[in-house]
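Working notes, beginning with the structure itself.
Each chain gets a letter, A, B and so on, in the order the sequences are listed, and its residues count up from 1.
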Amino acid sequence: MNFDLSDEQKMLAEQARGLLAERVPFDRLRKLIDANAEWDEPLWRELGEMGFLGANIPEEFGGLGLSELDLAMISQELGRVNAAVPFASSLVLAADAIRLAGSDVQKAEWLPRLATGEVVGCFAYAEGPGDLLGRGVRQEGAKLNGTKTPVADAGVATLAVVQAGEALALVRLDQPGVARTRLDSFDQLRPHYRLDFADADAELLPRGGQIETLFDRAVVQAAFEAVGAAEACLTMARDYAMERQMFGRPLAGYQAIKHKLADVAVAVEMARSNAFYAGWAAGDASGELPGAAAAARLTAITAFEMAARENLQVHGGIGYTFEANCHFYYRRERTLAIALGNREHWAERLIAHTPGSQTKAA
Amino acid sequence: MNFDLSDEQKMLAEQARGLLAERVPFDRLRKLIDANAEWDEPLWRELGEMGFLGANIPEEFGGLGLSELDLAMISQELGRVNAAVPFASSLVLAADAIRLAGSDVQKAEWLPRLATGEVVGCFAYAEGPGDLLGRGVRQEGAKLNGTKTPVADAGVATLAVVQAGEALALVRLDQPGVARTRLDSFDQLRPHYRLDFADADAELLPRGGQIETLFDRAVVQAAFEAVGAAEACLTMARDYAMERQMFGRPLAGYQAIKHKLADVAVAVEMARSNAFYAGWAAGDASGELPGAAAAARLTAITAFEMAARENLQVHGGIGYTFEANCHFYYRRERTLAIALGNREHWAERLIAHTPGSQTKAA
Amino acid sequence: MDFNESPEEAAFRTAAKAWLAANAPQHELPEGVMLDDTEEVMLGRAWQRAVYDGGYAGITLPTALGGRGGTGIEALIFAEEEARYNLPKGPYIGIGLGMALPVIGKHGTPEQIAAYADRTLKGELTWCQLFSEPSAGSDLANLRTKAVRAGDDWIVNGQKVWSSWAHRSDMGILVVRTDPSVPKHKGLTFFVVDMTSPGIDIRPIRQISGASDFNETFFSDVRIPDANRIGAVGEGWACCMTVLMGERLNQGGERGGIENLIAYAEATPRGAGTALDSGSVRMALAQALAEEQAGKSFQARLRTMVSRGENPGALAAMVKLAFARRYQQTSGLALELRGMDALAPPAGDARTREIQHDYIWSTVIRIAGGADEVLKNQIAERVLGMPGEVRMDKNVPFEQLK
Amino acid sequence: MDFNESPEEAAFRTAAKAWLAANAPQHELPEGVMLDDTEEVMLGRAWQRAVYDGGYAGITLPTALGGRGGTGIEALIFAEEEARYNLPKGPYIGIGLGMALPVIGKHGTPEQIAAYADRTLKGELTWCQLFSEPSAGSDLANLRTKAVRAGDDWIVNGQKVWSSWAHRSDMGILVVRTDPSVPKHKGLTFFVVDMTSPGIDIRPIRQISGASDFNETFFSDVRIPDANRIGAVGEGWACCMTVLMGERLNQGGERGGIENLIAYAEATPRGAGTALDSGSVRMALAQALAEEQAGKSFQARLRTMVSRGENPGALAAMVKLAFARRYQQTSGLALELRGMDALAPPAGDARTREIQHDYIWSTVIRIAGGADEVLKNQIAERVLGMPGEVRMDKNVPFEQLK
């Protein structure tokens with residue numbers, strides 16, 4: 001038994017962290033927001049050049065063929081800096097969907113281009129308020145009709161994997177049958193679109209029944225993203241509290257602040273522990289994955305929620321200004337808590353995968 | 001608008017508080033537990049002599065005919081000292097049930113004797129684990145069959161009001177058709193019994209459909225009982241923290257302890273505010289009662305739960321000894337949180353009585 | 001105890017209702033139109049003038065100040081009835097009535113009362129508050145903006161933050177350090193300042209919500225006549241306390257938000273039903289609703305105390321503390337139960353945008369007007385009588401603090 | 001990362017399993033029989049002797065002390081396999097192996113190791129811990145029990161509390177004040193004491209659970225030979241830290257309680273279904289289960305650190321802190337979902353009684369081995385590097401503290 005990252009994984013994380021620290025200072029994020037940018041395109045290109053965008057794509061298709069846990073090192077570091085790139089949409093969802101459910105031809109067509117970052121993918125599932133998976137969009141023959149909204153990163157994507165009932169369909173977004181409408185996103189660094197399909201050309205991914213597995217794998221990556229972000233909030237709050245004087249001593253010396261951040265630290269380490277286990281299970285114990293992913297999801301939401309809220313609270317009024325950096329996380333946190341299914345959804349999945357209990361309604 | 005107790009109510013509370021402070025020191029509670037006593041019989045007699053036991057019984061039946069809010073003053077003070085008397089069982093449930101649903105003959109027969117405390121009543125509803133109201137006990141003709149368990153205070157009661165389906169039945173406990181078995185109670189100062197009815201003589205209370213109102217009214221009193229008890233815990237914790245030295249200064253000077261008790265204090269005042277409103281509604285705005293009672297119930301459970309747990313926590317190891325006084329409340333708290341329906345039951349009732357929403361399943 | 005209105009209160013409501021029906025409609029703002037700040041203030045002044053002429057300006061202010069000398073309940077009744085109309089009301093009016101006049105009334109001279117009271121009640125003077133500084137938020141007494149005496153004037157230098165609508169206010173209430181050689185609470189003095197004075201530079205703060213309704217205000221050699229001093233030199237802290245007491249009393253208990261969130265859950269589809277079919281959603285919203293109702297009843301208790309001349313003190317902090325926490329939790333929960341759509345609702349979905357805004361605004365509520373942690377300290381110390389914090393800065397001259 | 005056992009670990013498990021199958025059954029306790037304390041200790045000694053003979057005593061203790069010198073994982077594997085049998089194991093054995101031997105091994109002399117190690121490993125010596133005092137719990141260094149040198153002996157007077165099984169222990173580990181003229185952490189000295197020494201009076205503490213497994217131990221002119229001193233005079237605090245570190249490392253992550261509570265909910269009727277049909281129950285239990293699983297994985301991370309010679313330090317406090325809170329909340333919740341029956345279950349309902357006991361015992365878990373508040377301080381200071389508390393007692397001689 002060895003419950004730690006490998007040296008290679010630690011190096012990979014260090015490498016990603018170093019690059020991102022340099023390329024994504026907070027002022028870069030402010031500039032992107034001010035420009036109403038779709039994404040941080042130079043960063044995406046650079047991630048592609050370093051091979052990161054093929055991290056989870058098999059070597060035969062031009063990727064690095066790394067494990068889920070390796071991939072998670074990158075997800076965590078992207079979360080730490082709030083990077084404005086469609087990594088989760090393109091790699092963790094679209095590429096993984098094609099890998100899991102696609103034909104050899106589809107894989108050969110798309111995975112090499114996704115691996116370089118030349119093609120960006122996105123994943124469309126929601127259809128407005130309410131349920132995680134939409135029920136309106138259906139594929140008939142080679143045509144797709146209906147509306148998916150909101151879809152993250154669909155503005156820069158040329159390819160969408162679209163959930164249609166129990167099936168997954170591959171749709172090019174640069175065709176006349178697809179209309180994209182940019183929405184006003186709560187997370188100012190992750191644009192969302194409404195996609196209207198009117199007899200859009202589409203092809204099915206032939207291996208059915210992969211949606212649950214796809215989501216299980218995706219929330220593991222989201223958990224690492226949340227852990228990285230939560231840790232960034234914790235560090236930011238601690239550093240600010242150490243420096244800020246209040247009533248003649250550092251804010252960090254007050255027990256209310258110490259205990260608040262201790263609670264956050266516990267939540268972060270709990271989330272990290274579950275994420276480790278789920279990352280391992282995603283690669284090496286797929287029978288464990290549904291329960292492990294659900295547990296990782298729940299603790300990651302809790303940790304990032306606490307960290308994002310209390311970071312702003314520790315900062316006080318200054319935290320409410322655009323010039324401070326708390327807000328990037330405060331908004332991103334809701335994105336990570338809600339996309340891929342809320343707390344309740346994953347609580348149900350965890351209970352359903354607990355020995356001795358069965359799925360329940362409501 | 002005047003949202004405060006009347007001077008008479010304050011005097012009544014003072015009077016009850018003075019008496020109980022004198023008669024129910026904590027060592028008295030320890031003696032009752034050591035004697036495995038059914039109740040604090042001398043206290044009951046004394047409460048009867050002062051007229052308290054007829055507080056909510058109409059004057060025509062020998063009671064004081066006071067309002068629900070007046071009655072609540074006594075409930076609150078009994079809660080504050082953890083008194084071992086069947087006040088809630090006999091007055092708040094049995095007598096109120098007879099008053100609400102009984103015939104004139106039944107009222108005339110029982111209310112005067114309940115008002116003096118000469119007869120003790122109890123109220124039987126649960127039938128083992130799970131649902132608040134049992135479904136097995138039924139009355140056929142003038143006979144009752146089945147089992148109610150657990151029933152608070154049934155050992156000292158001579159009369160039970162028994163929920164049987166939608167109906168309420170009046171059953172004397174000193175008859176051959178009734179077997180009483182004392183159970184081991186979590187709350188060592190509130191004994192519970194199993195009641196087996198085998199062709200027991202019973203008479204229906206003729207006015208049906210009163211059970212929900214009865215419970216609404218009863219949880220208002222329970223909320224005051226909890227507020228009194230929670231306040232006692234808060235005071236106890238504060239006093240201990242003021243006196244206990246830790247690392248060279250009073251424990252009460254540590255922000256963790258200050259903020260913990262501030263949180264408890266907020267919860268207590270919130271619970272008190274809702275209890276006031278519900279007590280007023282029980283008398284003067286019965287249309288408001290279901291929602292007001294449910295809200296009072298929820299905040300009272302929260303306040304007493306926090307207060308009982310954190311009181312013990314503030315005391316540290318000493319709080320875990322029988323010689324300290326935290327445990328009376330720690331056990332009583334679960335009784336008040338569970339008897340008359342748990343948090344979930346009352347959350348459902350509150351939602352169901354919120355304008356614009358309707359009752360939902362599960 | 002009686003939650004019903006007394007005959008006097010009912011009569012007051014009837015009269016207010018009638019007066020509003022006759023006067024409010026012509027002052028209502030057009031639905032869905034965003035006014036610019038200047039225009040809004042103009043309309044706000046006009047409405048306040050109408051209120052004054054109707055005899056409802058400064059309901060709880062003493063008649064000596066030109067107020068109505070009425071009760072808190074009356075003020076509440078008027079506010080409830082007024083809220084039925086979409087009227088122009090903002091901090092530029094509220095700060096004058098709720099902060100400036102009480103402090104001038106209590107600490108000011110008869111001349112000062114004459115100079116400001118009537119004009120403020122009539123909406124002729126708008127006000128902003130100039131208290132907080134970058135290093136003086138929860139620890140307000142740590143403020144560094146300083147005033148030095150120069151003949152009949154004071155020369156002020158420094159920086160204030162979080163002043164709402166400073167750019168559209170005629171006057172400001174200002175607290176500054178006039179003596180750094182004494183401990184920090186003791187060297188403060190209170191002024192009213194003409195916001196058009198030379199040397200005042202007002203810059204909007206860009207907020208995380210996207211709005212800029214708060215400002216930074218820079219003072220560079222601003223001259224304030226000594227006649228504008230409220231209270232004695234060194235009495236600034238007491239003046240601030242007068243202002244903050246008034247602020248605390250009416251926070252948090254009002255907002256009827258949870259019923260709206262219950263309706264929102266019920267309007268959100270989920271399988272064959274709605275999000276309100278979820279037991280965990282119902283439990284969370286029921287507990288929040290119970291607490292919200294408690295807050296309302298608690299406010300009523302506090303108002304009853306005030307109506308008797310009792311001071312609720314730190315009890316008032318409880319309602320605000322509970323509200324702030326609940327506001328963040330429940331608006332966050334509402335976004336969750338809505339699902340993906342909450343992250344990017346369609347343009348027409350005003351309700352979801354409001355809840356997004358609530359979730360962001362809740363961070364301000366947890367900080368402004370007493371941060372959570374500050375309020376808990378106050379409750380522990382003033383309600384429960386627990387010891388004060390260990391103070392390193394207590395008897396140290398301000399200039400010697402690092 | 002590999003959650004699977006290494007080949008060596010798997011081999012260790014196979015061997016342990018086989019050895020236990022051959023040896024454990026004859027030591028199992030009869031089901032449902034309450035033994036008296038004396039008898040339980042006798043059986044416990046015999047089982048420990050068998051473990052010793054099998055080569056499994058003190059798995060992680062260094063071979064120099066007579067231990068097996070194995071890994072934490074091996075100890076865990078053995079404990080898991082051992083737990084399949086209902087064996088007599090109690091603090092009287094655990095304190096010797098987990099606290100007394102580590103401190104004697106680190107701070108003791110070769111003679112002391114020779115005197116105690118082997119006999120403890122064989123179950124011949126049982127041990128209790130004599131640290132806490134009425135005024136020294138979280139603030140352990142505040143202890144007042146004092147020892148005064150008298151020739152080759154020390155004379156001890158004072159009172160210790162919360163010593164488990166002191167009445168059935170041969171030896172105690174004891175910390176006392178030997179110099180009140182220096183600051184409180186500096187004047188302490190560590191001893192081992194023969195519990196049959198004249199002047200020791202052990203009284204059971206009546207606990208709120210009804211049990212009396214803790215004691216108060218009074219010392220009246222008890223003579224302890226200087227040869228029983230562990231470490232130097234004044235080195236008592238360092239010895240205590242050695243003991244407490246060992247204690248902290250294995251708390252909290254183990255208990256597989258939430259799955260049992262899920263089963264309990266499912267076994268509780270509710271309408272036509274079970275209490276697990278409730279969405280709020282499922283949400284609460286799922287969150288608790290996720291946290292419990294996190295605790296288990298976190299323990300595995302810590303064990304991996306320890307296996308590499310790294311010191312997890314205050315990280316270990318996190319698992320215990322989270323467990324304590326969860327334990328109280330979930331056992332309380334389980335009673336609620338059970339309904340009225342939870343307040344007075346029928347005699348045969350052992351599960352509900354266990355949960356009642358859990359709800360009471362959780363109060364101890366939140367206090368003992370580092371109270372919630374103490375652990376949060378440790379995490380803030382040692383993991384996050386935040387400042388220590390303001391200490392009024394830091395450099396003050398103990399005798400001058402009030």
Please state whether the rings of D/Trp361 and B/Tyr320 are parallel, tilted or perpendicular, taking 30° and 60° as the class boundaries.
perpendicular
- [ ] Specify whether B/Tyr125 and B/Phe123 have parallel, tilted or perpendicular ring planes, treating 30° as the upper limit for parallel and 60° as the lower limit for perpendicular.
- [x] tilted
Assert top hit (heavy-atom pairs under 4.5 Å, partner chain D, pool B/Gln313, B/Met246, B/His327) equals B/Gln313
Under 4.5 Å to a heavy atom of chain B? For D/Ile360 that would be both
Max heavy-atom pairs within cutoff under 4.5 Å with chain D, candidates B/Thr181, B/Ile33, B/Asp34, B/Asp187, goes to B/Asp34
Turns out that what part of D/Leu343 lies under 4.5 Å from chain B's heavy atoms comes down to both
When the 4.5 angstrom heavy-atom criterion is applied to D/Ala136 and chain B, the contacting part is backbone
Next on the checklist: Could you tell me if B/Arg334 sits above the aromatic ring of B/Phe186, with its cationic atom closer than 6.0 Å to the ring centre and no more than 45 degrees from the axis?
Outcome noted: no
Whatever's closer than 4.5 Å to a heavy atom in chain B on D/Tyr359 counts as both
Honestly, the part of B/Tyr254 sitting under 4.5 Å from a heavy atom of chain D is side chain
If one checks every heavy atom of D/Pro134 against chain B at 4.5 Å, the contacting part turns out to be backbone
Flag the pair D/Phe219 / D/Leu174 as yes when at least one side-chain heavy-atom distance between them is below 4.5 Å, and no otherwise.
yes
Ranked by heavy-atom pairs below 4.5 Å to chain D, first place among B/Glu323, B/Glu305, B/Arg331 goes to B/Arg331
* **Non-hydrogen side-chain atoms of B/Asn36 and B/Arg182 separated by less than 4.5 Å** => yes
If you tally heavy-atom pairs under 4.5 Å between each of B/Gly319, B/Ala339, B/Ala256 and chain D, the highest tally belongs to B/Ala339
Cut-off 4.5 Å, heavy atoms of chain B, and the answer for D/Leu333 is backbone
B/Ile318 atom CD1, neighbour heavy-atom count above 12 within 6.0 Å: no
Of D/Ile205, D/Leu335, D/Val281, D/Val161, the largest count of non-hydrogen pairs under 4.5 angstrom with chain B goes to D/Leu335
From the list D/Gln159, D/Lys160, D/Arg203, side-chain hydrogen bond (donor to acceptor under 3.5 Å, both in side chains) with D/Glu216 holds only for D/Gln159
Residue from D/Ala275, D/Gly339, D/Ala344, D/Pro346 scoring the most non-hydrogen pairs under 4.5 Å with chain B is D/Ala344
Applying a strict 4.5 Å limit to non-hydrogen atoms, the region of D/Ser132 in contact with chain B is neither
Chain D shares the most heavy-atom pairs under 4.5 Å, among B/Arg194, B/Gln188, B/Arg343, with B/Arg343
Residue from D/Gly137, D/Ser135, D/Gly271 scoring the most non-hydrogen pairs under 4.5 Å with chain B is D/Gly271
Sorted by chain and residue number, the side-chain contact (heavy atoms from CB on, under 4.5 Å) partners of B/Ala83 (sequence neighbours excluded) come out as B/Leu43, B/Leu78, B/Val81, B/Val85
When the 4.5 angstrom heavy-atom criterion is applied to D/Lys184 and chain B, the contacting part is side chain
The side chain to side chain donor-acceptor pair (under 3.5 Å) partners of B/Glu127 (sequence neighbours excluded) come to B/Lys148
Applying a strict 4.5 Å limit to non-hydrogen atoms, the region of D/Asp372 in contact with chain B is both
### Query
Judged by atom type as modelled, is there a donor-acceptor pair below 3.5 Å linking the side chain of B/Gln163 to the main-chain atoms of B/Gly134?
yes
*Could you walk me through whether B/Ser89 and B/Asp153 pass the side-chain hydrogen bond (donor to acceptor under 3.5 Å, both in side chains) check?*
CA-CA 7 Å; B/Ser89 293; B/Asp153 302 314; 2.6 Å; yes
If one checks every heavy atom of B/Glu333 against chain D at 4.5 Å, the contacting part turns out to be side chain
Cut-off 4.5 Å, heavy atoms of chain B, and the answer for D/Gln329 is both
Pair count under 4.5 Å, heavy atoms only, with chain B: among D/Asn142, D/Val390, D/Leu337, highest is D/Val390
Correct closest heavy-atom pair for B/Ala157 and B/Arg180 would be O-NH1, 2.8 Å
**Q.** Test item: B/Arg349 and B/Arg297 side chains (from C-beta on) under 4.5 Å apart, heavy atoms
**A.** no
